[in-house]
Amino acid sequence: MEQIIESISLLDWVLIGALLALFCYQLYYYVRYMAGVQRRVRHQTKKRFRWRESSVSNSISDTSDETIEDSSNVAQSTNVLEAKEVVKPGVSVVVCARNEEENLQHYLQALLSQRYPEFEVIVVNDASLDNTQVVLDQMTQRFRNLRLTFVPADAWVRSSKKLALTLAAKAAKYDYLLLTDADCVPESPYWISEMMKGFVSPEIDIVLGYGAYFEEPRWVNRLVQYDTIFNAMQWLGMAMSRHPYMGVGRNLAYRKSAFLNKGFSGLLGEKAGDDDLLVNRIANRHNTEVVLTPDSYTWSIPKQSFADWRRQKYRHLSVSPVYRTATKLRLLCEPLTRGLWYALIVTIVVLAAMGILTHPLVWALAAILFVMRLVLQMSLISRAAHILGAQGFGMSVLLYDVYLPLSNLGMLIKHRLHRKQELKW
């Protein structure tokens, strides 16, 4: 043993120490944060009721002839059932719509037909140029719980969606706001009920839910799926570890009082961030809860092209510099150590090929730790994908694991240069 230790050079020891340090941090990050989805679902297990694109279409077509009276009867029968349980507070479901004529025709009824005793759906027409208002006017004739408001076409704001959410919050008659998008459909008729279970105590102000994307036979859809699931594992896992920092507007609930207390004041200059910046501002370790029961999911239409996905990703990343300092530091550590990990592996391979590394312990340890980390990744991400309604990723995890941080870094650099040009002009 002494001879083996003596045969290891100083360079070898440095590389071994760096390998173990980076591996241990990555292991810690994955076990503490990324595995949180599986831990939470174990505590919120429930029979799965999948409501995908096909069943949504069937459900809407089957109920297309419902009248106001039919809707009222359903609500009354639901009230009788709910009366036997705990009294549930009223909820205002908020949807912002800009040129969403087709999506509202396809998905809005799934929101209006939720099995919940007392709720309203507020749709904000965000200066639409299509027939969005016509569709909404027609639906108000059939559903008494649908309310409308609008953002004026000449509203001079950088982010009209923030203004739309503010108008909806002030118009809401209930104390709880549940947000989703016009191109979203809930997993089941019990979506509101499941999300409201997150308000387990008076101190809870924010409930985070998961917003999934429909799966399609496109390569870009696999990229979207992986990015969505990996990010969800991260921000949901951190929220469950009492470090909440964001949510997604496709599935997010909060108390109206928490929103009106701060709202988007000081954030209207940011073009994006109508969901994550609000959560980043008001969420803390005590007032945030996560709901991951299958019936609490929403499903959305994904971007159809790589260019569209890149634009969406760029818009989301552009607001990350506005996050709290502690959040930015916490989010920086994982991609930084990941990049150093891959750089170190490549360095060891190059040095070994050049004959500079003569001790087999270094490259053997590098190979073992590399495989261990990859197996851990594949296991956790594939299990989370299954839980969140997607297919596993297999060895493609390695490809995405390398590409996405580089892509994100490039977009952040682009945003920084773009902001400097704006300031210069």
Side-chain angles (χ1 to χ4, degrees), residues 51 53 56-75 78 90-155 157 159-174 176-189 191-192 195 211 214 248-253 256 259 264 274-275 298-301:
W51 193 349
E53 179 88 28
V56 169
S57 301
N58 294 335
S59 174
I60 292 178
S61 62
D62 290 342
T63 58
S64 61
D65 294 328
E66 281 188 356
T67 62
I68 294 177
E69 289 73 21
D70 294 332
S71 179
S72 300
N73 292 335
V74 170
T78 305
V91 181
S92 296
V93 179
V94 177
V95 179
C96 298
R98 169 176 283 185
N99 300 328
E100 297 284 3
E101 171 189 356
E102 184 176 346
N103 287 328
L104 290 171
Q105 288 177 326
H106 199 51
Y107 299 126
L108 184 56
Q109 187 165 315
L111 300 178
L112 293 162
S113 303
Q114 286 286 296
R115 299 297 190 259
Y116 193 80
E118 189 173 0
F119 73 99
E120 64 177 353
V121 176
I122 301 176
V123 179
V124 187
N125 185 354
D126 188 1
S128 297
L129 300 177
D130 62 357
N131 291 323
T132 291
Q133 190 61 46
V134 175
V135 173
L136 293 174
D137 289 338
Q138 291 174 350
M139 297 198 77
T140 55
Q141 302 301 314
R142 297 168 50 206
F143 294 94
R144 289 175 178 168
N145 58 342
L146 175 59
R147 299 177 60 201
L148 309 178
T149 186
F150 68 97
V151 173
D154 57 350
V157 291
S159 174
S160 61
K161 189 171 182 180
K162 294 188 183 71
L163 176 58
L165 290 173
T166 302
L167 293 174
K170 292 183 177 180
K173 66 178 181 180
Y174 297 118
Y176 295 87
L177 307 178
L178 178 54
L179 276 58
T180 190
D181 288 340
D183 63 348
C184 291
V185 63
E187 173 78 9
S188 85
W191 167 62
I192 297 179
M195 287 296 293
F214 292 125
V248 293
R250 303 187 302 274
N251 200 2
L252 171 66
K256 183 168 67 172
F259 173 83
F264 294 115
D274 48 86
D275 42 18
T298 61
W299 295 86
S300 306
I301 300 174

inquiry  = Quick one about Asp137 and Gln133 (side-chain donor to acceptor, distance below 3.5 Å, no hydrogens or angles considered), yes or no?
reply    = yes
query = Taking C-beta and beyond as the side chain, do Asn145 and Leu112 meet within less than 4.5 Å on heavy atoms?
reply = yes
ask   = Is the shortest heavy-atom distance from the side chain of Trp191 to the side chain of Val93 under 4.5 Å?
value = yes
Derivation and outcome, side chain to side chain contact (heavy atoms under 4.5 Å, CB included), residues Phe259 and Thr166 = CA-CA 9 Å; Phe259 173 83; Thr166 302; 3.7 Å; yes
Lys/Arg N to Asp/Glu carboxylate O, Asp181 vs Lys161, below 4.0 Å = yes
Side chain to side chain contact (heavy atoms under 4.5 Å, CB included) assessment of Ile301 paired with Tyr107 = CA-CA 11 Å; Ile301 300 174; Tyr107 299 126; 3.7 Å; yes
note = What one should report as the nearest heavy-atom pair of Asn251 and Gly211 is CB-N, 4.3 Å
Atom OH of Tyr174 with >12 non-hydrogen neighbours under 6.0 angstrom = yes
query = Taking atom NZ of Lys162 and atom CG of Leu167, what is their separation to the nearest 0.5 Å?
reply = 14.0 Å
remark   = Separation between CG (Leu108) and OG1 (Thr180), nearest 0.5 Å, reads 10.5 Å
message = Let me confirm one number: the CG-CD distance from Asn131 to Glu101, rounded to the nearest 0.5 Å.
response = 4.5 Å
note = Between Ala182 and Asn103 the two heavy atoms that sit nearest each other are O-CB, 3.4 Å
request  = Determine whether Phe143 and Ser113 make a side-chain contact, defined as any pair of heavy atoms from C-beta on separated by less than 4.5 Å.
outcome  = yes
query = Does the Asn99 side chain pair with the main chain of Leu129, one donor and one acceptor, at a distance under 3.5 Å?
reply = yes
task = Can you see which heavy atom on Ile122 is nearest to which on Ala171, and at what distance?
result = CD1-C, 4.3 Å
query = Quick check: does any side chain N or O of Thr149 sit under 3.5 Å from a backbone N or O of Ala168, one acting as donor and the other as acceptor?
reply = no
remark   = Here the pair of heavy atoms bringing Ala172 nearest to Leu177 is CB-CD2, 3.5 Å
ask   = Within a strict 4.5 Å, meaning less than it, do heavy atoms of the Asn125 and Leu148 side chains meet?
value = no
query = Looking only at heavy atoms, which two atoms of Arg147 and Lys173 are closest? And how far apart?
reply = NH1-N, 3.8 Å
request  = Look only at the side chain of Gln114 and the backbone of Ile192, and say whether a donor-acceptor pair between them is shorter than 3.5 Å.
outcome  = yes
Test log, rule side chain to side chain contact (heavy atoms under 4.5 Å, CB included), inputs Gln105 and Met139 = CA-CA 9 Å; Gln105 288 177 326; Met139 297 198 77; over 6 Å; no
ask   = Where is the tightest heavy-atom contact between Leu111 and Pro186, given as atom of each residue plus distance?
value = CD2-CD, 3.7 Å
task = Mind checking the CG-NE2 spacing from Leu104 to His106? Nearest 0.5 Å is all I need.
result = 12.0 Å
Separation between CG of Asp126 and SG of Cys96, rounded to the nearest 0.5 Å = 6.5 Å
request  = Any chance you could measure Asp183, atom CG, to Glu102, atom CD, to the nearest 0.5 Å?
outcome  = 11.0 Å
